[in-house]
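Reading through the structure tokens given below for one structure.
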Amino acid sequence: MIFSDDQAEAYDAISEALKSAGVDLDNNTTLPQSAGSDQLMAILGKAGSGKTMLLAHLAEALNEAGVSIISGDYEGKRRKDTRTLAILAPTNKAASVLRNQGVAATTIHRILYTPMYDPEYEKIAEWLNGNGDKPEIEGLTDTALERAMLFFKSNKSIPGALAMAGLRGSDFIIGWKRRDDPLDIGFIDESSMLDDRQLDDLKEIFSTLILFGDPAQLAPVGQSGSMAFDNLPEQQQKHLHRVHRQEQDNPILDLAHALGDETLSFESFEQMIEQAAARDDRVVVSPRVQASAMARSPVLVWRNATRIRLIHAFRNAFDAPPEMLLAGEPLICDGIELPMKHRKKRIDLEARGLIKGAQCVFLGTGRKPGFSRLHVLGAPEPQVSAATIIKIEMPGEEEPFIPSAARMGAAFVHGAACTIHKAQGSQWNEVQVFAPDIYAAYRAGRTEAGIPLWKRLAYVAITRAQTRLHWVTRYMLAKPTEPLTTDDLRVAAPATLKLEAQE
């Protein structure tokens, strides 16, 4: 790998920080973790500047130096002198973006709460990790164990490997517990989504913390337009300026970075989009929203009222009955509605991927009243059955339609459209951006941290698209040509865990 000058400078700065913490990347050596060597640094750059490539290279170098990577699935017994690395993202979707690029990432929630394994099946986990001989387990054949090992070698997932052996999650996971011991080295991707409180929590857990973030994105709600890393001293921030993906003639990134021009107006920006669409099919100017695409990739909007109207139009387009959901309808987790006394139950739901902002697909009703079968997009084991409270807001009505109403459990809103704020950290192959909402922000004249809000909104929305950007210009919706389906989800993973979260 050949680094650009700014990447090399950032790599050297992180190497020095790690060396101070006892990990020498130059000589591939480690020393036991020592007290008083806390390190905090932020690597900042816009989309395409190579943050993920740098993170992946550093993770590989740490692994070669003998640092163990914690996955969040299972942690075996480790020696006191073993150094560890956790690669985290705020949401399942953000973590899956890293995993698709070969980086063993998990969510912040998943690393804070660790699964407790049945002692009998823990022997299999230890064997898979190379810490014991092949066990003899009643009911499991050698063929089943070899299947598990084959899966683990390519996927590094203990739950997935046990599922390949024919076990269900309820067979081997007996509960979840809050992590008691502090951790070692932490890489946090999409750190622009962190607020100050979350950063303080992570600083308490990790002695060495490296943040990777985009300062051009939207700040978390309640942060007054500032990012959690903005208050770090200048010497603890390293900026990546060179845009590598832009060098590959990416028209989507060209448009995103054009928003940095202080003199650019909304009208001029739309002209740039039209010109890009005329010469490259990766940018599309569309007079209407495509209903079919909304089933897996939400339309990105600014205003909540627009979101509700588009969701209502989506359901009408697919002839969804008012009293129930259709299999294939998208949902977004809006949090866990449980009292504090049910802390264990909350941990159980969050550990299975049902954290605020998680994108899911409704598969059907569960076996118990108020339960739903869900596919959690981006989760390593995506098939989940859980108590759900699903709310679908209706235009002009205060009370939402509630197709699933458990007494308590995971709460959801419809996911055919979502606000640009909630889309941060996620990426889709194709993204529809609702331009009338960006124009409304432009007309409002609002700013955030000295930058026009419409430019921040447009930047975040545009950079959610990996391969094609659809710039929707009118309040119109194209009806689908095929009904909703879940066929595309059946091949999302080689094995699934059917996990029941008890109400």
Side-chain angles (χ1 to χ4, degrees), residues 91-93 221-222 289 291 293-339 342 345-346 349-350 352-366 368-377 384-424 426 432 434 436-437 440 475 477 479-480 483-484 486 501 503:
T91 66
N92 285 296
K93 198 70 170 66
V221 176
V289 175
M294 296 167 72
R296 297 293 178 268
S297 173
V299 180
L300 303 186
V301 305
W302 173 46
R303 296 175 293 191
N304 204 42
T306 306
R307 179 182 67 85
I308 294 171
R309 286 200 297 271
L310 284 170
I311 288 169
H312 185 63
F314 170 86
R315 302 201 78 238
N316 282 342
F318 281 102
D319 295 323
E323 72 281 359
M324 62 179 289
L325 286 174
L326 296 175
E329 288 197 63
L331 299 171
I332 296 175
C333 185
D334 203 33
I336 307 296
E337 295 192 3
L338 289 171
H342 292 286
K345 202 172 298 181
R346 176 186 295 273
L349 290 170
E350 290 177 339
R352 291 169 181 175
L354 297 179
I355 59 178
K356 191 175 180 68
Q359 297 164 36
C360 304
V361 177
F362 180 77
L363 301 178
T365 56
K368 301 177 183 179
F371 272 63
S372 298
R373 291 181 295 111
L374 304 165
H375 181 102
V376 185
L377 295 172
V384 173
S385 177
T388 54
I389 304 157
I390 301 173
K391 305 172 184 177
I392 301 179
E393 301 125 304
M394 303 294 286
E397 297 183 19
E398 292 186 9
E399 294 298 322
F401 153 56
I402 303 179
S404 177
R407 186 164 51 86
M408 54 188 179
F412 292 88
V413 295
H414 206 278
C418 77
T419 62
I420 295 170
H421 262 101
K422 280 193 174 181
Q424 288 197 145
S426 298
Q432 299 183 86
F434 197 66
D437 262 24
Y475 283 90
L477 184 136
K479 288 192 174 185
L484 280 174
T486 59
E503 187 178 6

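As a basis for the values below, the full set of heavy atoms in this structure was taken, side chains included, without hydrogen atoms, waters or symmetry mates. Numbers here are sequence positions counted from 1.
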Heavy-atom side-chain contact between Cys360 and Leu354 under 4.5 Å:
yes
Looking at every heavy atom in both Met294 and Ala416, which two are closest together, and how far apart are they?
CE-O, 3.5 Å
Roughly how far, to the nearest 0.5 Å, is CD1 of Ile392 from CD1 of Ile308?
11.5 Å
Heavy-atom closest pair (Phe371 atom, Ser385 atom, distance to 0.1 Å) is CD2-OG, 3.9 Å
Output the distance between atom NE2 (His421) and atom CH2 (Trp302), rounded to the nearest 0.5 Å.
10.5 Å
Candidate list Glu329, Lys391, Glu393, test side chain to side chain donor-acceptor pair (under 3.5 Å), partner His414, passing option
Glu329
So Arg315 and Phe401, do their side chains get closer than 4.5 Å, heavy atoms only?
yes
At what distance, to the nearest 0.5 angstrom, does OG of Ser426 lie from CG of Leu377?
9.5 Å
With distance as the sole test, does Arg296 use its side chain to make a donor-acceptor pair with the main-chain N or O of Gly328 at under 3.5 Å?
yes
Give a yes or no on whether Glu399 atom CD has more than 12 heavy-atom contacts from other residues, nucleotides or ligands under 6.0 Å away.
no
Point-to-point distance, once rounded to the nearest 0.5 Å, from CD of Gln359 to NZ of Lys422
10.5 Å
Any side-chain heavy-atom pair from Tyr475 and Pro436 closer than 4.5 angstrom?
yes
Is any side-chain heavy atom of Pro403 closer than 4.5 Å to one of Phe362?
no
Determine the minimum heavy-atom distance between Ala387 and Ala406, stating which atoms define it.
CB-CB, 3.8 Å
Are any of the side-chain heavy atoms of Phe412 and Leu374 separated by less than 4.5 Å?
yes
Between Leu484 and Ala295, which heavy-atom pair has the shortest distance, and what is it?
CD2-CB, 3.7 Å
Ala317 versus Ala291, closest heavy-atom pair with distance
CB-CB, 4.2 Å
Sub-4.5 Å side-chain heavy-atom contact between Val384 and Ser372:
no
Nearest 0.5 Å please: distance from the CG atom of Leu331 over to the OG1 atom of Thr388.
8.5 Å
Distance in Å, Leu310 CG paired with Asp437 CG, rounded so as to fall on 0.5 Å steps:
8.0 Å
